[in-house]
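Residue numbers begin at 1 in each chain, while the letters A, B, ... track the order of the sequences. Just so it is clear, the structure is predicted and the values come from calculations on it, not from any experiment. Values below: all heavy atoms of this structure, side chains included; hydrogens, waters and symmetry mates excluded.
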Number of protein chains: 2
Amino acid sequence: MIGKSASGQGAKAAPQTRIQRAKREAILEAGLTVFSEAGFRGATLDRIASEAGLSKPNLLYYYPSKEAIYEALLRGLLETWLDPLQAIDPKGEPVEELLGYVRRKLQMSRDFPRQSRLFANEIVQGAPRIIPVLEGELRGMVDRLSTVIEGWIAEGRLAPVDPRHLMFSVWSLTQHYADFDVQVRAVLNNDDPYPGAETHLELLFRRLLTP
Amino acid sequence: MIGKSASGQGAKAAPQTRIQRAKREAILEAGLTVFSEAGFRGATLDRIASEAGLSKPNLLYYYPSKEAIYEALLRGLLETWLDPLQAIDPKGEPVEELLGYVRRKLQMSRDFPRQSRLFANEIVQGAPRIIPVLEGELRGMVDRLSTVIEGWIAEGRLAPVDPRHLMFSVWSLTQHYADFDVQVRAVLNNDDPYPGAETHLELLFRRLLTP
DNA sequence: TTCCGATTTGACCAACCGGTCAAATCAACG
DNA sequence: CGTTGATTTGACCGGTTGGTCAAATCGGAA
C-alpha cells in the first residue's frame, strides 16, 4: 500500500552516499520505463535490471523487491501529479486559473508521458495500491477546489459547471494525449499532436467556462 | 496481428454446433472479464478457464492459445467500437449528430466498461496487436468524418474546431468514465457518475460546437 | 448394444520469473 | 600493504504459467 509515512528517510537514517542515490535513481528511471510500458505484472526484474545496467541480484541489493520499486515510483508520482492542482489560486481570475491548470496538465502529458501511463495502467487495473490515496488526499483536494469553483460560479465569474465533472474533463482530455499516444499518432499520421491539442483545449475550456 | 481476413468462418467452413458456439462464447465472456481486469500478461489461462467453468486443457481445445482468445476479443471489440462512428449522418443537423455520437459513446462506457478497459489496456501498452487497424480503418474513418465536419464548419452550421482533436475529446471524455472508474468513484464518494456525466458532457459539447 | 468421433481431463513439461545465497570483488582507510 | 565493510555476481531454487498428450468419457447413429 502507499499510505503516508515519515516523508524522507526511515527512522534508521541510513547514510545514503552519492553513488547509492545515483544507482537508486537509475533503477527508478528504468523501472518507470518498464512499468509504464508493461504494467506491474508485465514488467520483469531482468528487464528493469538490464535497462538500469545492473545485474538482477544487484538491483535487489538496492530495492528489496519488485513491489518496493513500484511503490517508490507511485509514491513519487502522486506528489508530482497532485501538485498542479495545488497551484490553483482561489483569489485569481477563475477562467485563467483553470486554463492555467489545463495548460500545466497538458505539458505534463507532453514532458512526462511515462508517468502518465504508469498511473493509467494502475488505475485501469483497479488501482489496488492507491485507492486509499484516491479516497483520501485526492478526494479531499477535489472537494476543497469544488467549493472554490462553486463560489466563483455563484459570483457569476464562471459559467455554471459541475466542479467534479470539470476535473474529470481536464484529466481525461489532457492525459489522453500521453496514455493513448499510439492511437492519437495513428490518426494524425504521426504528426506531433501537441500544438493542435494546446489550441483545441484552450478553445474548448474557454468556451465551456466563460460565463 | 488483427488485420482483416474473410469475415465469417475460415475457408474450412467448420460445422459449429450450438454447443460449440455456446462454449466459445462462454470463453470469450470469461476472457473479457479477466483480460480487462489484468491486461494480456496479467491474465492467466487458469483463471479464464475457471471463470468459464472449464478445465484448462478443455479451454485450449476450443481456442488454440491465450493469444487466440485475446485476438478474437479484440477483433470483435473493434467492430462494436467503430460502429457509433459510422452512425453519424452527414446529412443530419451537425450539432445534434455529434451530440448523439457522444451520447452513444457514453452509454457504451456505462454498459460495456470491460470492453473499454480492454481497449485501454491494449493502447496504453503500445497497442502491439492493433496498430495496423488504427492506422488503416480508424484513420480512414476519421479522415472521412473530418471532411464532413469541415464542410459543416464552412457552412457555418458548426463552430470552428479541429475535427481530429474533437474526436479525441469525445473518446477521452466518454471512455474516462469506464477506464478510470475507480478514480471517478473515489472522488464522487461512490455515487453513480453517469447522470452527472451525461448532463455535463451535453453542456460541454453544446457550448463547444454551437456556432 | 456397439461403435466412432467429439469432448474432457489428470498428469506432466519446459520456460520464465521473483527472490536467495555464498562467494568474489572493490574501495577506502589506517 | 592489509583489513574491513560495501558492492557485485553466478549459480540456484521454488512457484507459476502456457501449453501438450494420452487416456478416459460422452453422446448420438446404426
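- Residue pairs meeting the salt bridge (charged side-chain N to carboxylate O under 4.0 Å, His left out) criterion with at least one partner in residues 54-64 of chain A, sequence neighbours excluded, are A:D46-A:K56.
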N/O-N/O pairs, protein side and nucleotides 16-18 of chain D side, under 3.5 Å:
unit_1, atom_1, unit_2, atom_2, d
D:dT17, OP1, A:R41, NH2, 3.1
D:dG18, OP1, B:A43, O, 3.0
D:dG18, OP1, B:K66, NZ, 2.9
D:dG18, OP2, B:L45, N, 2.8
D:dG18, N7, B:K56, NZ, 3.0

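- With a cutoff of under 4.0 Å to any heavy atom of chain A, the contacted region of DNA chain C is bounded 5' to 3' by C:dC17 to C:dC21.
- Among residue pairs with one or both ends in residues 25-44 of chain B, those qualifying as salt bridge (charged side-chain N to carboxylate O under 4.0 Å, His left out) are B:E29-B:R114, B:E37-B:R47; sequence neighbours excluded.
- Residue pairs satisfying the salt bridge (charged side-chain N to carboxylate O under 4.0 Å, His left out) criterion with at least one member in residues 169-178 of chain B, sequence neighbours excluded, are absent.
- Between A:E96 and A:R206, at least one side-chain N (NZ, or NE/NH1/NH2) sits under 4.0 Å from a carboxylate O, which counts as a salt bridge.
- Residue A:Q20 has a polar side-chain atom (N or O) positioned under 4.0 Å from OP1 or OP2 of D:dT7.
- Among residue pairs with one or both ends in residues 180-196 of chain A, those qualifying as salt bridge (charged side-chain N to carboxylate O under 4.0 Å, His left out) are A:D181-A:R185; sequence neighbours excluded.
- A:Y63 comes within contact range of no nucleotide atom at all, as no heavy-atom separation falls under 4.0 Å.
- Partners of A:A26 by side chain to side chain contact (heavy atoms under 4.5 Å, CB included), not counting sequence neighbours: none found.
- Evaluation of the side chain to side chain contact (heavy atoms under 4.5 Å, CB included) rule for A:A38 yields no partner, not counting sequence neighbours.
- Contacts of B:P57 classified as side chain to side chain contact (heavy atoms under 4.5 Å, CB included), with partners at least two apart in sequence or in another chain: B:S55.
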